[in-house]
Amino acid sequence: NAHEQLLTEKEKPLVRQLLDHDQGHLFSSWPPPGEKESEKRQLLDQLQKLDKDYSGGLVAYIQNSKRLLAESRSGKNAFEGFVPSVPEGKKLDFGSEEFKEFEELGVQASREAAFVLVAGGLGERLGYSGIKIALPTELASGKCFLQVYIESILALQAKAGGSAQLPLAIMTSGDTHARTEALLQDNAYFGMQPSQVTLLKQEKVACLSDGDAHLALEAGNPFAIQTKPHGHGDVHALLHTTGLLKRWVGAGVRWVAFFQDTNALVFRGLPAALGVSARYGYDMNSLAVPRKAKEAIGGIASLQRPDGGRLTINVEYNLLDPLLRANGWADGDVNDDTGYSPFPGNINQLVLKADSYAAALEETQGIIAEFVNPKYKDDTRTAFKSSTRLECMMQDFPHGLPPTANVGFTVINQVWAAYSPVKNSPADAAAKAAGGNPSHSATSGELDIYRTNCAALRMAGATVEGPEPREFNGLTLDLWPRVSWSPFFALTFSDLQAKVDAAKVKLSKDAALVINGANVHIRSLDLDGALTIDAAPGAKLVIDGLKVQNKGWMYHALNPNKDSTEEQKIRGFLVCRKETLMLEYPKEGRFVYPEKADASKEGVEAEGAAVI
Ligand code: UGB
């Protein structure tokens, strides 16, 4: 009461509610009016912000915390009473006729798609100080993740035809927001219209100091509440509270595709997954990977709920084995005769049906399946070792859907084709590899792009030599010819087949080939060295009868005694460009390279070649 005059009219009900919800400790150590007024104002401002940033407000946060903390104390298992079975979904072989058919369906469906990139996480686990979407996907082209994603969406937009500009939302956080904005602005949005892109900034939530959901004050500062990230599940609440999803639906969006910050290969699988969603009308479709039993990724399972309803959802790997054993799977989480777990691996790349998604968010206010994970001091499960907070994960969205929802998955059987994220530092990656797990490092992320491109070329009929095993940062991985092409050149497998007469293409084991240009056609190429091709959108270039032999590019393991950049350190190598044939066509026109003797008759010009 003594501080009533300090409160604005808006703050009064909030403070009253907080007192009613047992949060008196926030104000109990306040000195008398007139003392530390600016510190008190800071706390009041922060409370207002926490109230505004949580869908439902701070009191709802405290109520949700009390409920979840009580469940946690009683040891309730999130899947208690649920009976698991193998879910239904589509399994596709990368590059097969069926895969191409679904890619084509997906391209059509993408006319009515919007895209969401969750990029609020920092690269601490990776040993990188910048934002992860600014990292080069591979050093051959040097394109960063954000550029690859945006070019993929623009390529889909161009392929789908029509006048629609496909929208992209990027979820950022306090850690990544300013740098994401700067990356877009410094690079002219990588070709997108700025109006196509919406940044949604996630905010941190209040920490809780005990099982009664008392908000935790900073140690040594009774005027500040501790905060921590709420998790990537925030993306649902943000799409709801900003009204963005509703606007998209109003503008005709039917599908919303989500992806993570560092998987450069996601668009090798996403068009097919969009096609599967469109064909089967899935409310939610997870692009998934074959999962080895006990691998440390969640498994997607179909669960019979105690109320008889059905839920198809990711079950984290530590919960899957006990859940299976408790339900008659005597051996728990084991491979079947395909050599993989029957439960596909979750990789958090999701396609949601926009109208049922919007209805679910309306129903839940976007707060879906929060959980709390306190580290208890002892078995009484009362005191915490350190403060905790509520968290949420985007893949838990099916909890927000009705039991009748149509939830499935799309697995690309070739695990390398659509998933190789860059998550782990060199030391953690080496430890994972030693344990027989995928290393998911900057090294494997880059080498897997070359591998996928070479595999696709081989499947199309090209002769691709290699690979050669190499050791970088203590990981022994296959180094394939360094092939990189822009999504405008080829987004789908059919594009690649249309652009390359693969039977007449040969790459030596150390070849490097970088292609930028929507209208480049390779009729025949024998490459033993390095070739880069840059053709402007209006330049139509045909490569026909080209034989390249030059010193090319060397991928050298880093010398620990020499200076290297962070980008080089996390991959363990650098590229030494000795000699490159560079073909550059910045102007409109029709070109053939090498120039034919009768070029003038064909009305084509040859220019733009330089050897550097
Ligand atoms: N992210 C945010 O945008 N905000 C946040 O608060 C946190 C993260 P991580 P994680 O690919 O195999 C996920 O840290 O959470 C973004 C799935 O939960 O890279 O450990 C962040 O920027 C797991 O089931 O991954 O694990 C990034 O883009 C499995 O699928 C994304 O969220 C695993 O990914 C993921 O964050 C996987």
Side-chain angles (χ1 to χ4, degrees), residues 53-54 78 115-128 130-135 144-146 148-149 168-177 179-180 183 199-205 227-239 257-266 269 286-292 295-301 313-320 343-350 368-371 373 389-398 409 411 415 418-425 428-429 432 437-442 444-445 448:
D53 290 341
Y54 185 78
F115 296 84
V116 182
L117 164 60
V118 290
L122 256 192
E124 291 149 329
R125 225 195 318 166
L126 179 61
Y128 182 59
I131 53 169
K132 288 187 278 179
I133 52 174
L135 264 176
C144 69
F145 283 96
L146 187 56
V148 170
Y149 296 147
L168 167 66
I170 306 176
M171 183 169 79
T172 59
S173 66
D175 293 329
T176 63
H177 187 82
R179 283 179 282 182
T180 303
L183 182 65
L199 298 194
L200 303 172
K201 185 172 162 217
Q202 63 174 152
E203 301 291 343
K204 292 181 178 168
V205 290
T227 59
K228 283 189 184 164
H230 188 221
H232 39 68
D234 269 348
V235 72
H236 302 306
L238 283 170
L239 284 167
F258 293 78
F259 53 102
Q260 304 196 40
D261 50 15
T262 60
N263 181 24
L265 295 171
V266 58
S286 299
L287 177 60
V289 292
R291 172 183 179 276
K292 285 278 180 197
E295 202 182 316
I297 59 173
I300 295 170
I313 198 163
N314 175 55
V315 180
E316 280 308 326
Y317 65 96
N318 55 329
L319 299 179
L320 185 61
F343 300 94
N346 171 58
I347 54 172
N348 262 12
Q349 272 131 203
L350 315 172
I368 293 164
E370 284 180 310
F371 62 95
N373 190 16
R389 84 291 198 182
L390 299 192
E391 297 177 69
C392 55
M393 299 194 293
M394 61 195 268
Q395 67 269 34
D396 283 342
F397 170 70
F409 63 80
V411 163
V415 72
Y419 186 60
S420 183
V422 175
K423 294 196 186 227
N424 299 315
S425 67
D428 291 349
K432 284 199 183 275
N437 282 308
S439 53
H440 293 167
S441 68
S444 57
D448 281 345

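Every number for a ligand or one of its atoms is a count from 1 in the order of the listing.
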Asks: Report the nearest protein non-hydrogen atom to atom 21 (C) of ligand 1: residue, atom name, distance rounded to 0.1 Å.
Replies: Asp261 OD2, 3.4 Å
Asks: For atom 35 (C) of ligand 1, what's the nearest protein heavy-atom neighbour? Residue, atom name and distance, please.
Replies: Gln260 OE1, 3.1 Å
Asks: Suppose we measure from atom 8 (C) of ligand 1 to each protein heavy atom; which comes out shortest, and what is that distance?
Replies: His232 CD2, 3.7 Å
Asks: Does at least one non-hydrogen atom of Phe259 fall below 4.0 angstrom from an atom of ligand 1?
Replies: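 Outside the 4.0 Å threshold, so no.
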Asks: Does Tyr128 OH have over 12 foreign heavy atoms under 6.0 Å away?
Replies: yes
Asks: How close does the nearest protein non-hydrogen atom get to atom 13 (C) of ligand 1, and which residue and atom is it?
Replies: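 Result: Asn348 ND2, 3.8 Å.
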Asks: May I ask you to identify, for His230, whether its side chain, its backbone, both or neither come under 4.0 Å of ligand 1 on a heavy-atom basis?
Replies: neither
Asks: Quick check: does Gln395 get an N/O under 3.5 Å from an N/O on ligand 1?
Replies: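 Yes; the residue has a nitrogen or oxygen that sits under 3.5 Å from a nitrogen or oxygen of the ligand.
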Asks: Would you indicate which of Met393, Glu295, Lys423 comes nearest to atom 26 (O) of ligand 1 when only heavy atoms are counted?
Replies: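 It is Lys423 whose heavy atom sits nearest to atom 26 (O) of ligand 1.
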Asks: To which of Lys132, Lys228, Arg125 does the heavy atom nearest atom 10 (P) of ligand 1 belong?
Replies: Arg125
Asks: What are the two closest heavy atoms between Gly269 and Leu287, and how far apart are they?
Replies: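 Shortest heavy-atom separation between Gly269 and Leu287 comes out as C-CD2, 3.8 Å.
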Asks: When you compare ligand 1 with Gly120, is there at least one nitrogen or oxygen pair between them that comes in under 3.5 angstrom?
Replies: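 Yes; the residue has a nitrogen or oxygen that sits under 3.5 Å from a nitrogen or oxygen of the ligand.
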Asks: Answer yes or no: is there a side-chain heavy-atom contact under 4.5 Å between Glu391 and Glu370?
Replies: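 No - every pair of side-chain heavy atoms lies 4.5 Å or more apart.
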Asks: Flag Gly298 as yes when one of its N or O atoms lies below 3.5 Å from any N or O atom of ligand 1, and as no otherwise.
Replies: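 For ligand 1, there is no N or O atom that lies under 3.5 Å from one belonging to Gly298.
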Asks: Is the number of heavy atoms from other residues, nucleotides or ligands within 6.0 Å of NZ (Lys432) greater than 12?
Replies: no
Asks: Is Ile347 touching ligand 1 with its side chain, its backbone, both, or neither, if touching means heavy atoms under 4.0 Å apart?
Replies: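 Near ligand 1, Ile347 shows its backbone, while the atoms from C-beta on stay back.
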Asks: Does even one non-hydrogen atom of Pro421 get within less than 4.0 Å of ligand 1?
Replies: no
Asks: Looking only at non-hydrogen atoms, find the nearest pair between Ser425 and Gly127 and report the distance.
Replies: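 It is CB-N, 4.4 Å.
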Asks: Output, in order, the C-alpha distance, side-chain angles, deciding distance and verdict of side chain to side chain contact (heavy atoms under 4.5 Å, CB included) for Leu117 and Leu146.
Replies: CA-CA 9 Å; Leu117 164 60; Leu146 187 56; 3.9 Å; yes
Asks: When you look for heavy atoms under 4.0 Å from ligand 1, do you find them on the side chain of Tyr419, its backbone, both, or neither?
Replies: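 Tyr419 to ligand 1: side-chain contact only, backbone stays beyond 4.0 Å.
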Asks: A side-chain contact here means heavy atoms from C-beta on lying under 4.5 Å apart; do Lys132 and Lys423 qualify?
Replies: no
Asks: I'd like to check which ligand 1 atoms, numbered from 1 as shown, lie under 4.0 Å from a non-hydrogen atom of Ala119.
Replies: 3 (O), 22 (O)
Asks: Which heavy atom of Gln260 sits nearest to which heavy atom of Tyr149, and what is that distance?
Replies: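 Looking at all heavy atoms of both residues, the closest pair is O-OH, 3.1 Å.
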Asks: Just which atoms of ligand 1 are under 4.0 Å from any heavy atom in Val118?
Replies: 3 (O), 16 (C), 21 (C), 22 (O), 27 (C), 28 (O), 31 (C), 32 (O)
Asks: Do Thr176 and Ile133 come within less than 4.5 Å of each other through their side chains, counting heavy atoms only?
Replies: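 Thr176 vs Ile133: side chains apart.
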Asks: Would one find an N or O of Gly121, backbone or side chain, under 3.5 Å from an N or O of ligand 1?
Replies: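 Yes; at least one N/O pair falls below 3.5 Å.
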Asks: Does ligand 1 have any atom that is closer than 4.0 Å to a heavy atom of Glu316?
Replies: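 Per 4.0 Å heavy-atom rule, Glu316 contacts ligand 1.
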Asks: Ignoring hydrogens, just give me the one of Asp396, Asn346, Asn424 whose non-hydrogen atom is nearest atom 29 (C) of ligand 1.
Replies: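 It is Asn346 that holds the nearest heavy atom.
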Asks: Are any non-hydrogen side-chain atoms of Arg389 and Pro229 less than 4.5 angstrom apart?
Replies: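 Touching, per the 4.5 Å side-chain cut-off.
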Asks: Apply side chain to side chain donor-acceptor pair (under 3.5 Å) to Asn263 and Gln349, showing your working.
Replies: CA-CA 10 Å; Asn263 181 24; Gln349 272 131 203; 3.2 Å; yes
Asks: Can you find a heavy atom in the side chain of Asn424 that is under 4.5 Å from one in the side chain of Ser439?
Replies: no
Asks: Of the protein's non-hydrogen atoms, which lies at the shortest distance from atom 4 (N) of ligand 1, and what is that distance?
Replies: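 Protein heavy atom with the smallest distance to atom 4 (N) of ligand 1: Gln202 OE1, 2.5 Å.
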